[in-house]
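Everything below concerns the one structure shown next.
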Amino acid sequence: MSHPESPVSLADQAAEAVRAINHRTRAPGADWQYPSDAYSLIGTLAHLSRMLPQAITQALVPVTDAHEADRLTVDGGKDPDQAASSAVQTTRVAISRAQCLAEALDQVHSALSPLGYDTSDDEDEQPCGEGMCQCYCVGAWHPCGCDCPHPDDCDCDFCELRDQY
């Protein structure tokens with residue numbers, strides 16, 4: 001039977017994912033160039049930050065369990081009660097700040113909500129393969145390519161219904 005990954009390993013993976021985001025968002029690319037990309041990323045980061053208070057709270061469980069079982073030791077011969085109390089107090093601060101981060105990211109997400117990218121000039125000036133085309137199946141704009149979907153090329157139910165009107 002396989003065991004789930006440890007909380008520390010999962011947190012390492014999350015940190016590596018954020019590091020990768022930091023590197024990937026340094027310059028525009030095919031999947032990172034529109035205001036909607038920023039909106040989506042900030043929304044996901046807001047979601048992640050809303051989960052941090054629970055993760056922080058539960059991270060302290062091994063400490064509180066050891067303290068309650070009178071099994072907590074502290075380097076340097078310091079008082080375990082004071083050390084546990086300090087850990088609880090600083091955890092409360094961290095939780096409060098994580099909640100503030102989530103609220104701030106929600107505000108950024110809301111501010112990004114109405115923003116878009118004007119492609120009106122791109123449609124007229126750039127032929128397929130060089131600009132932006134509208135994906136008729138989902139209504140989203142995307143960079144063109146040789147396989148760019150056009151209404152004549154698609155036979156999905158959505159496009160067939162659209163063509164009837």
Side-chain angles (χ1 to χ4, degrees), residues 1-76 78-123 131-145 148-149 158:
M1 179 174 170
S2 64
H3 297 283
E5 295 185 40
S6 74
V8 173
S9 175
L10 294 171
D12 281 342
Q13 291 174 38
E16 283 301 308
V18 171
R19 184 191 66 74
I21 291 167
N22 291 344
H23 285 277
R24 181 58 192 88
T25 56
R26 289 171 53 164
D31 60 351
W32 182 250
Q33 59 184 332
Y34 303 111
S36 60
D37 298 329
Y39 174 80
S40 296
L41 178 58
I42 293 295
T44 301
L45 291 173
H47 176 67
L48 181 142
S49 66
R50 283 190 297 277
M51 293 187 289
L52 286 175
Q54 180 179 356
I56 294 166
T57 298
Q58 291 172 194
L60 201 63
V61 168
V63 174
T64 57
D65 285 354
H67 182 252
E68 289 172 4
D70 204 24
R71 306 283 288 173
L72 186 65
T73 63
V74 184
D75 290 344
K78 296 183 181 175
D79 179 30
D81 291 334
Q82 284 182 331
S85 178
S86 177
V88 168
Q89 291 302 318
T90 55
T91 298
R92 287 182 183 145
V93 171
I95 289 167
S96 175
R97 290 184 180 166
Q99 290 167 333
C100 288
L101 173 61
E103 291 169 9
L105 286 172
D106 284 339
Q107 291 173 357
V108 173
H109 193 237
S110 291
L112 293 172
S113 172
L115 304 180
Y117 185 87
D118 183 0
T119 60
S120 59
D121 290 342
D122 294 344
E123 290 177 53
M132 296 292 292
C133 278
Q134 186 171 17
C135 176
Y136 291 90
C137 299
V138 296
W141 288 94
H142 62 91
C144 293
C148 183
F158 177 83

Closest heavy-atom pair, Ala98 versus Leu52, reported as atoms and distance to 0.1 Å, is CB-CB, 4.0 Å
Only residue of Asp81, Val88, Leu60 satisfying side-chain contact (heavy atoms from CB on, under 4.5 Å) with His67 is Asp81
Derivation of the side chain to side chain contact (heavy atoms under 4.5 Å, CB included) call for Arg50 and Leu105
CA-CA 10 Å; Arg50 283 190 297 277; Leu105 286 172; over 6 Å; no
Counting C-beta onward and ignoring hydrogens, is there a side-chain heavy-atom pair between Asp79 and Val74 closer than 4.5 Å? no
For Arg92, is there any backbone N or O sitting under 3.5 Å from a side-chain donor or acceptor partner on Ser96? no
Between the CD atom in Glu16 and the CG atom in Asn22, the distance rounded to the nearest 0.5 Å is 10.5 Å
Applied to residues 82-111, the ring pair (Phe, Tyr, Trp, His ring centres under 6.0 Å) test, sequence neighbours excluded, yields Tyr39-His109
**Request:** Tell me, yes or no, whether the heavy-atom count around Arg24 atom CZ, taken from other residues, nucleotides or ligands under 6.0 Å, exceeds 12.
**Result:** yes
Handout entry: Exam field: side chain Thr57 to backbone Pro53, donor-acceptor pair closer than 3.5 Å
Key = yes
For residues 40-49, tabulate all N or O donor-acceptor pairs below 3.5 Å that involve a side-chain atom, not counting sequence neighbours.
{"residue": "Ser40", "atom": "OG", "partner": "Ser36", "partner atom": "O", "Å": "3.0"}
{"residue": "Thr44", "atom": "OG1", "partner": "Ser40", "partner atom": "O", "Å": "3.0"}
{"residue": "Ser49", "atom": "OG", "partner": "Leu45", "partner atom": "O", "Å": "3.3"}
{"residue": "Ser49", "atom": "OG", "partner": "Ala46", "partner atom": "O", "Å": "2.8"}

CD of Gln58 to OG1 of Thr64, rounded to nearest 0.5 Å, is 11.0 Å
Review point. Heavy-atom count around Gln13 CD within 6.0 Å, excluding the residue itself: above 12?
Key: yes
On a heavy-atom basis, the closest approach of Pro35 and Tyr117 is CD-CB, 3.8 Å
Sorted by chain and number, sequence neighbours left out, side chain to side chain donor-acceptor pair (under 3.5 Å) with Asp37 holds for none
*Is the number of heavy atoms from other residues, nucleotides or ligands under 6.0 Å of Asp70 CG greater than 12?*
no
